Protein chains: 2
Amino acid sequence: MPERIYNFSAGPAVLPEQVLRQAAIDIVNFQNKGMGLIEMSHRSKEFMAVAEECEQLTCELLGVPAGYKVLFLQGGASSQFFMIPMNLLKKDQVATYLNTGTWSKKAIKEAKLFGRIEVAYSSEDLNFTRVPRDDEYTVNPASEYLYFVSNNTIFGTQFQEMPGKDAMLISDMSSDIFSRPIDVSRFGLIYAGAQKNMGPAGVTVVIIREDLLERVDEAVPTMLKYKTHAKDDSMFNTPPCFAVYCVGRVMHWLKELGGVEAMADRNRKKAGILYEAIDSTDFYRGHAERESRSLMNVTFTLADKELEAAFIRDAAAQGFDGLKGHRSVGGCRASIYNAFPMEGVEKLVDFMAAFAKKHQ
Amino acid sequence: MPERIYNFSAGPAVLPEQVLRQAAIDIVNFQNKGMGLIEMSHRSKEFMAVAEECEQLTCELLGVPAGYKVLFLQGGASSQFFMIPMNLLKKDQVATYLNTGTWSKKAIKEAKLFGRIEVAYSSEDLNFTRVPRDDEYTVNPASEYLYFVSNNTIFGTQFQEMPGKDAMLISDMSSDIFSRPIDVSRFGLIYAGAQKNMGPAGVTVVIIREDLLERVDEAVPTMLKYKTHAKDDSMFNTPPCFAVYCVGRVMHWLKELGGVEAMADRNRKKAGILYEAIDSTDFYRGHAERESRSLMNVTFTLADKELEAAFIRDAAAQGFDGLKGHRSVGGCRASIYNAFPMEGVEKLVDFMAAFAKKHQ
């Protein structure tokens with residue numbers, strides 16, 4: 001095997017090589033302090049600086065306005081499915097959800113434990129090949145919020161524009177945060193698990209409008225209240241220090257590259273090359289509808305399962321790893337998050353052309 | 001600074017150097033697969049093997065009997081304060097707690113949200129200088145369980161023997177798990193945050209008797225049910241892969257050294273040297289009562305705050321880091337977990353003698 005292969009994994013996913021190499025040094029001896037980063041007290045001034053910088057870079061890169069708080073929590077994005085309604089919704093209150101894939105479905109299930117949930121749109125009948133246009137659903141004006149998943153990792157769909165509705169938006173951006181500019185001021189809460197565009201698994205970023213912190217019922221356990229973590233700058237208990245550190249290093253890398261605008265440009269180019277390859281022949285077929293195509297996860301199928309298996313096997317032999325699609329879609333999926341290199345996309349496209357030629 | 005200083009931090013804490021050096025390699029290129037460990041899918045066969053081995057070594061080292069399940073969860077030990085009663089207790093049911101420090105107090109607060117909590121013993125009036133003998137408290141026979149913290153990190157006290165009561169035991173062993181043999185069969189549940197004796201912050205091990213998994217109310221959110229994680233071998237959602245990996249490496253190291261029996265022996269020797277140094281002069285005074293002394297966290301005071309500040313400053317200058325006591329005790333604390341080297345204890349004792357001589 002070469003030192004670095006092309007890793008198309010949907011998550012945990014490829015990270016910038018320079019971040020890995022720096023982590024390898026810091027894990028043994030951080031800033032020449034005579035101990036590794038993961039051995040340091042989270043209250044040490046060294047780690048406090050790491051955590052503060054991570055928060056500050058998140059705000060800077062995403063343009064988080066005043067009146068919002070950035071939290072770094074444990075429990076995975078899956079814990080946000082219940083924490084959001086547990087903190088923001090009362091039994092008789094309404095929230096609107098858009099059902100565009102596996103993760104929104106799970107979020108809807110958990111939210112129903114806490115309030116009246118209205119599903120304003122679902123593409124489940126279409127095996128989640130699309131996300132809705134604004135004119136395809138209405139939001140109950142009594143809704144506390146409108147919840148949607150900005151990018152659907154499994155199905156390869158993405159909201160090209162955020163929903164143009166009056167409601168306060170809440171979004172699971174686990175698989176496309178930091179991939180493009182967003183207007184945070186339209187959101188009550190944004191969250192994302194780290195393991196796609198930010199760092200290793202084990203930390204979830206939550207960006208919450210501060211006035212929402214006080215909505216929670218006092219009987220909710222301390223650790224499940226956003227305000228507990230907001231008050232203590234995500235240091236109420238020991239944070240997942242290594243994951244937070246890595247997220248900070250990834251932000252640095254992103255900033256050096258020009259921030260989310262530059263990244264959005266790069267992502268459009270990368271995905272463009274791949275979709276062009278898919279569209280240029282009948283040999284490959286995109287799973288998602290064109291208007292809903294994701295720039296992060298490119299899903300496609302071949303004529304039959306045998307051909308798909310051969311494609312994945314031959315690709316792996318040439319150093320393209322993780323191209324097998326999720327079982328609910330089948331086929332192939334190329335996840336090309338921020339850290340996935342352009343060169344890898346170009347080489348995959350060459351491979352696809354050669355494979356099609358051979359088997360057509 | 002030398003390459004490794006003596007790190008007495010209470011947690012996150014010192015880890016075996018060989019684990020750090022291996023992690024530094026694996027983080028860039030794991031098993032020569034052409035990608036780093038933190039970039040790999042948690043469903044890859046490589047990571048699945050890491051997770052399985054971690055579970056298997058936990059069972060082997062602690063002698064976990066059949067009928068128990070080992071889980072690796074996120075959220076820190078602090079999340080167990082509410083998860084335990086949320087999963088095991090109904091509103092009208094009783095549980096007994098022993099209040100021996102900051103962490104038991106927090107656990108009691110959260111448990112009161114879920115059931116009838118009886119505090120059978122408290123050393124709070126004594127600033128938590130001791131843990132109780134069996135004859136100092138009784139357990140209500142109606143109790144679903146008896147909850148205690150086996151080692152109190154902040155105050156430096158430890159149960160020398162587990163409570164000799166008929167009740168099903170539940171214990172927070174965050175700061176002394178794997179430091180000595182335990183009879184798991186007496187426990188309904190044992191848990192521990194990783195960042196003292198097991199690995200980096202970001203994962204919590206929970207050992208639970210399988211029959212308890214079904215007690216939980218269906219209305220509890222999916223992620224907060226132990227049975228969700230038990231069914232999927234802690235892979236219901238993406239686990240904190242790097243932390244799990246490190247815990248596995250630490251177990252390997254512990255096994256090589258002879259397991260928990262050998263470690264208990266080593267821990268007795270290390271703590272013995274330190275307590276002897278404290279007892280041999282009036283210059284240092286132990287915080288904990290002798291019968292309650294911890295082998296993990298050695299707490300002591302000097303005559304006054306100025307002398308303590310000088311001690312901590314001079315010690316730091318000689319490469320002894322993290323000796324400042326917790327603000328609720330003051331004074332000094334030497335945390336000497338499994339991975340803390342004997343040599344460091346011997347050198348600290350020499351320093352203590354010299355410091356006493358100079359200032360007496």
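The chains referred to below are lettered A, B, ... by the order of the sequence lines, with proteins before strands, and numbering in each begins at 1. In what follows, every heavy atom counts, from backbone to side chain, and hydrogens, waters and symmetry copies are set aside. None of the values given here were measured: they were computed from a predicted structure.
- Looking at every heavy atom in both residues, Ile27(B) comes nearest to Ala23(A) through CD1-CB, 4.3 Å.
- Note: Leu15(A) leads Ile25(A), Leu73(A), Leu15(A) in heavy-atom pairs under 4.5 Å with chain B.
- In terms of heavy-atom pairs under 4.5 angstrom with chain A, the leader among Ala77(B), Pro200(B), Pro221(B) is Pro221(B).
- With rounding to the nearest 0.5 Å, the separation of CD in Gln195(B) from CZ in Phe242(A) is 15.5 Å.
- Contact between Ser79(A) and Met223(B) at its shortest, heavy atoms only, is OG-CE, 3.5 Å.
- Other residues, nucleotides and ligands contribute only 12 or fewer heavy atoms inside 6.0 Å of the NZ atom of Lys109(B).
- In this structure, the portion of Asp321(B) lying under 4.5 Å from any heavy atom of chain A is its side chain and not its backbone.
- Ranking Glu17(B), Met83(B), His42(B), Lys106(B) against chain A, the residue ahead of the rest is His42(B), based on heavy-atom pairs under 4.5 Å.
- Side chains of Leu20(B) and Asn29(A) form no contact here, defined as non-hydrogen atoms less than 4.5 Å apart.
- In terms of heavy-atom proximity, Pro240(A) sits nearest to Gly202(B) at CB-CA, 4.1 Å.
- At a threshold of 4.5 Å between non-hydrogen side-chain atoms, the residues Lys33(B) and Ile5(A) do not count as touching.
- The environment of Lys225(A) atom NZ is dense: over 12 non-hydrogen atoms of other residues, nucleotides or ligands sit within 6.0 angstrom.
- Residue Lys227(A) places its NZ atom among more than 12 non-hydrogen atoms of other residues, nucleotides or ligands, all under 6.0 Å distant.
- Among all heavy-atom pairs drawn from Cys246(B) and Ile38(A), the shortest one is SG-CD1, 4.3 Å.
- Looking at Phe114(B), only its side chain comes within 4.5 Å of chain A, counting heavy atoms on both sides.
- Listed options Val14(A), Asp26(A), Val19(A) were ranked by heavy-atom pairs under 4.5 angstrom with chain B; first place goes to Val14(A).
- Contacts of Ser9(B) with chain A are made by side-chain atoms alone, with heavy-atom separations under 4.5 Å and no backbone atom involved.
- Interface remark: of the candidates Gly36(A), Gly322(A), Ala219(A), Ala243(A), Ala219(A) forms the most heavy-atom pairs closer than 4.5 Å to chain B.
- Heavy atoms closer than 4.5 Å to chain A are found nowhere in Lys112(B), neither backbone nor side chain.
- To the nearest 0.5 Å, the span separating CZ on Phe82(B) from OG1 on Thr222(A) amounts to 9.5 Å.
- Residue Val220(B) touches chain A through its backbone alone, counting heavy-atom pairs closer than 4.5 Å.
- Met40(A) approaches Pro12(B) most closely through the heavy-atom pair O-CB, 3.2 Å.
- Across Asn7(A) and Glu39(B), no two heavy atoms sit closer than the pair ND2-O, 3.0 Å.
- When the candidates Cys241(B), Gly199(B), Ala201(B), Ser44(B) are compared by the number of heavy-atom contacts under 4.5 Å with chain A, Ala201(B) comes out ahead.
- For Met35(B), the parts sitting under 4.5 Å from any heavy atom of chain A are the backbone and the side chain alike.
- Counting non-hydrogen atoms of neighbouring residues, nucleotides and ligands closer than 6.0 angstrom, the NZ atom of Lys91(B) exceeds 12 such neighbours.
- Interface residue Ala13(B): only backbone heavy atoms are found under 4.5 Å from chain A.
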